[in-house]
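For reference, the structure is listed below as C-alpha cells.
Just so we're clear, the structure is a prediction, and the values are computed from it rather than from any experiment.
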Amino acid sequence: MTPDEVIKLAKEKNCKMLDLRFMDFPGKWQHTSYPISELNKDSLEEGFGFDGSSIRGWQAINESDMLLRPVLDTAFVDPFFKEPTLVLVCDIADPVTGEDYTRDPRSIAKKTEAYLKSSGLADTAFLGPEAEFFVFNNVQYSSDPQHSFFRIDSPEAIWNTGKGEDGGNLGHKNRYKEGYFPVPPNDTLMDLRTEMTLTMIEAGIDVECQHHEVAGAGQCEIDVRFAPLVEMGDKLTLYKYIVKNVAAKHGLSATFLPKPVYGDNGSGMHTHLSLWKDGKPLFAGDGYSGLSQMAMHAIGGVLKHAPALLAFTNPSTNSYKRLVPGYEAPVNLAYSQRNRSASVRIPVYSKSPKSKRLEFRCPDPSCNPYLAFAALTMAAVDGIQNKIDPGDPLDVNIYDLEPEEAANIPKTPGTLEEALTALQNDHEFLLKGDVFTPDVISTWIGYKMENEVDALKLRPHPHEFMMYYDI
C-alpha cells in the first residue's frame with residue numbers, strides 16, 4: 001500500500017484513532033495510539049518516536065529514543081475497539097542512524113529473508129504454523145514469598161463430572177487425551193472458534209480449518225494457510241491477538257501457555273517449512289517420501305541444530321513440561337514421513353510438488369514467531385549449504401523401541417536452561433548474513449536465564465510441599 005492508500009482506508013472506515021504495534025524481544029505485542037489526525041504522509045515516512053528503555057530486553061535509559069516505522073501493507077481496522085481504529089505494524093529503527101534496530105524481532109525476520117535470497121539457494125521461505133491453545137472459564141494464580149498456586153477450570157474438563165452446575169450437571173465431559181474432534185455437546189467451543197475464524201478472515205488471515213484438540217479441557221486449534229516468513233510472523237501475532245480477544249469478549253480466557261494441565265496433552269505449534277525459487281517448490285524430488293536432496297539436507301540442518309533452535313522455538317520454562325514422552329510431544333530428534341513421535345515429519349496428505357515440506361513438531365506457541373521462524377529457516381539453510389546428512393528415517397513407533405535402541409536416538413533438551421546452553425555452544429549458523437547478531441544471542445540468553453530460569457529455580461514449588469513437607 002502507498003501512504004495515500006492507507007490514509008484513504010482510514011477515511012473510508014471512519015477511523016478515529018491510529019494504533020501502532022510492534023513486537024518486544026520476548027514476544028509480546030505492544031502498542032501506542034494517536035488521534036487519526038496524526039496519520040499523514042510525513043509521519044508515515046518519518047516514523048513515531050518512543051521510549052525504548054521501557055521495553056524488555058531493549059535499550060539502556062541513556063540511549064532510550066527509538067523510532068516506530070509503520071509497515072503500510074499491514075494496515076487493518078481493529079475488530080475489538082469501541083472507536084474505529086486503524087492498526088499498523090511497525091519496524092523499529094535507531095533515530096540517529098536510521099538503521100533497523102538489531103534487537104527488533106521483525107527486523108531479524110526481514111534479514112533472514114534477505115539472507116536467503118542473497119544465498120542463491122531460494123528466494124522465499126514459506127512457513128505454516130499450527131498454533132494450539134486452551135480456553136478456560138476461570139483462571140487464578142499467584143506467586144508471593146509465602147504462597148504460590150494456580151487454579152484453572154473448563155466446563156469440558158473430566159474433573160468436573162461431580163461438580164454441581166447451574167441447571168444440573170449434564171455429564172458431557174472430555175476424558176484426558178480424548179478431546180480430538182468430538183462433536184457437541186462435548187465440544188462446547190465450536191461457535192467460539194468459528195467467531196475467531198471469521199474475525200481472522202476479515203482481518204486478512206487465510207484460515208484452512210478449526211477444531212477441538214486432544215486435551216479434554218478446552219484445547220483448540222485453528223490452522224492458517226502458509227505464507228512467507230515475515231508475513232507469517234505478522235499473521236501469527238494477529239492470530240494470537242484475535243484468539244485472546246474473542247475469548248475475552250465472551251467472558252473466557254485463551255492461553256498459549258504450552259502445558260497448563262498436568263496429565264493431559266500440551267499445546268504445540270507444529271511448523272511447516274518449504275523453500276521456493278522463481279515460483280517453484282524446491283523440496284519436491286524423487287527421494288525419501290518424495291523429497292529432494294535439498295530438503296533432506298534441510299532436515300539434517302534442523303536436526304543438528306535442534307537443541308539450540310529450541311531456545312527460540314520453545315522459549316519458556318513451561319515449554320519443557322510439554323516436551324515429555326507419552327503426550328505426542330516429539331522429544332526424539334529423528335525424522336519420518338508419517339510418524340508423529342518424530343521431531344521432523346514429512347506430511348503425505350498430498351502428492352503435489354507444491355505440498356512437499358518438512359514439519360518441525362517441537363515448537364510451541366509461547367515463542368516469538370519472528371525469532372522462531374528465522375532460527376528454523378537459518379538451520380535449514382545451514383543444512384543445505386553444508387550438505388548435512390539427516391541419517392536414516394525412523395518409521396517405527398519410537399515409544400515402542402527397546403530401551404537400548406531408544407537410548408541411541410538423540411533427545412531434545414529437557415529444560416530451558418539446557419536449550420540456552422545449547423544455543424550458547426551452537427549459534428554460528430544464526431550469525432550468517434548478520435541475521436542474528438552476537439548481541440542478540442547474548443541478550444536473549446542473559447534475559448532468559450535471569451528472568452525465567454533463575455526466577456523459577458529460586459522459588460519453592462507447591463508440589464514440593466506435597467512431597468516433602470512432613471519429611
Side-chain angles (χ1 to χ4, degrees), residues 78-82 130-144 147-203 205 207-224 238-269 318 321-322 326-328 364-366 462-463 466:
D78 190 278
F80 303 107
F81 293 146
K82 179 180 177 181
E130 302 174 10
E132 299 167 348
F133 56 93
F134 281 84
V135 176
F136 298 117
N137 68 329
N138 184 66
V139 181
Q140 298 168 269
Y141 55 87
S142 179
S143 181
D144 291 307
H147 81 146
S148 179
F149 79 96
F150 73 89
R151 184 176 295 113
I152 55 179
D153 206 0
S154 163
E156 297 182 346
I158 192 67
W159 61 71
N160 281 323
T161 53
K163 180 181 179 181
E165 297 180 337
D166 291 343
N169 190 327
L170 302 181
H172 296 291
K173 312 299 182 186
N174 299 315
R175 286 179 285 272
Y176 297 114
K177 301 186 184 182
E178 293 186 21
Y180 198 61
F181 283 20
V183 297
N186 286 70
D187 180 3
T188 68
L189 300 169
M190 173 65 187
D191 289 339
L192 185 77
R193 293 194 306 272
T194 294
E195 184 175 341
M196 292 171 177
T197 295
L198 296 178
T199 305
M200 290 178 190
I201 293 171
E202 181 67 22
I205 299 175
V207 177
E208 293 184 334
C209 70
Q210 57 97 337
H211 57 84
H212 204 287
E213 255 299 337
V214 174
Q219 190 182 36
C220 303
E221 180 177 320
I222 301 174
D223 290 339
V224 300
L238 179 56
Y239 170 109
K240 294 174 72 172
Y241 175 76
I242 289 172
V243 164
K244 291 178 180 179
N245 281 280
V246 170
K249 175 182 171 183
H250 292 275
L252 299 169
S253 178
T255 180
F256 292 90
L257 185 71
K259 187 75 169 183
V261 180
Y262 169 73
D264 212 342
N265 280 29
S267 289
M269 191 181 76
N318 185 258
K321 293 177 171 60
R322 165 185 168 257
Y327 297 92
E328 293 190 12
D364 68 57
S366 70
H463 198 64
M466 293 289 292

Test side-chain contact (heavy atoms from CB on, under 4.5 Å) applied to Q210 and M190, step by step:
CA-CA 9 Å; Q210 57 97 337; M190 173 65 187; 3.4 Å; yes
Given side-chain contact (heavy atoms from CB on, under 4.5 Å), test T255 with V139 step by step and report yes or no.
CA-CA 10 Å; T255 180; V139 181; over 6 Å; no
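Side-chain contact annotation: E156 with H212, donor-acceptor N/O pair under 3.5 Å present. Between the side chains of D153 and N137, no donor-acceptor pair is found at a separation under 3.5 Å.
In this structure, K173 and I158 approach most closely via the heavy-atom pair CB-CA, 3.9 Å. Taking all atoms of both residues into account, the shortest heavy-atom contact from L192 to A247 is CD1-CA, 4.2 Å. Closest non-hydrogen pair, E165 versus L170, comes out as OE1-N, 4.5 Å. When all heavy atoms of D264 and A217 are compared, the closest pair comes out as OD2-N, 4.4 Å. Across F136 and S154, no two heavy atoms sit closer than the pair CD2-CB, 4.2 Å. Pairing each heavy atom of G218 with each of L189, the nearest pair is CA-CD1, 3.8 Å.
Residues meeting the ring-ring contact (aromatic ring centres under 6.0 Å, His included) test with H172, sequence neighbours left out: none.
Aromatic ring orientation, F80 versus Y241: perpendicular (interplanar angle above 60°, classes split at 30° and 60°). A perpendicular orientation is assigned to the rings of Y239 and F133, their planes being inclined by more than 60° (bins at 30° and 60°).
When the shell of 6.0 Å around CG of D191 is examined, it contains 12 or fewer heavy atoms from other residues, nucleotides or ligands. More than 12 heavy atoms of other residues, nucleotides or ligands sit less than 6.0 Å from atom CD of E208.
Using a 4.5 Å heavy-atom cutoff, the side chains of E221 and E130 are in contact. A 4.5 Å side-chain heavy-atom check between L257 and F150 finds every atom pair outside the cut-off. Proximity of E213 to F134: side-chain heavy atoms (C-beta onward) are nowhere separated by under 4.5 Å. In this structure, I201 and I205 have side chains that are not in contact, with every pair of non-hydrogen atoms separated by 4.5 Å or more. Looking at heavy atoms from C-beta onward, M196 lies in side-chain contact with I222 at the 4.5 angstrom threshold. A heavy-atom distance below 4.5 Å is found between the side chains of F149 and S142.
Q219 places no side-chain N or O within donor-acceptor distance of the main-chain N or O of E132, the cut-off being under 3.5 Å. The main-chain N or O of K259 is found under 3.5 Å from a side-chain atom of N318 such that the two form a donor-acceptor pair. A donor-acceptor pair under 3.5 Å is formed between the side chain of D78 and the backbone N or O of F81. Of the possible donor and acceptor atoms, one in the side chain of N174 sits under 3.5 Å from a partner among the backbone N and O of G216.
The list of salt bridge (charged side-chain N to carboxylate O under 4.0 Å, His left out) pairs with a residue in residues 239-256, not counting sequence neighbours, reads E195-K249.
Put simply, SG on C209 and CZ on R193 are 10.0 Å apart, with the number rounded to the nearest 0.5 Å. Separation of atoms OG (S267) and CZ (R322) is listed at 8.0 Å; rounding is to 0.5 Å.
In this structure, F181 has its ring center under 6.0 Å from that of H211.
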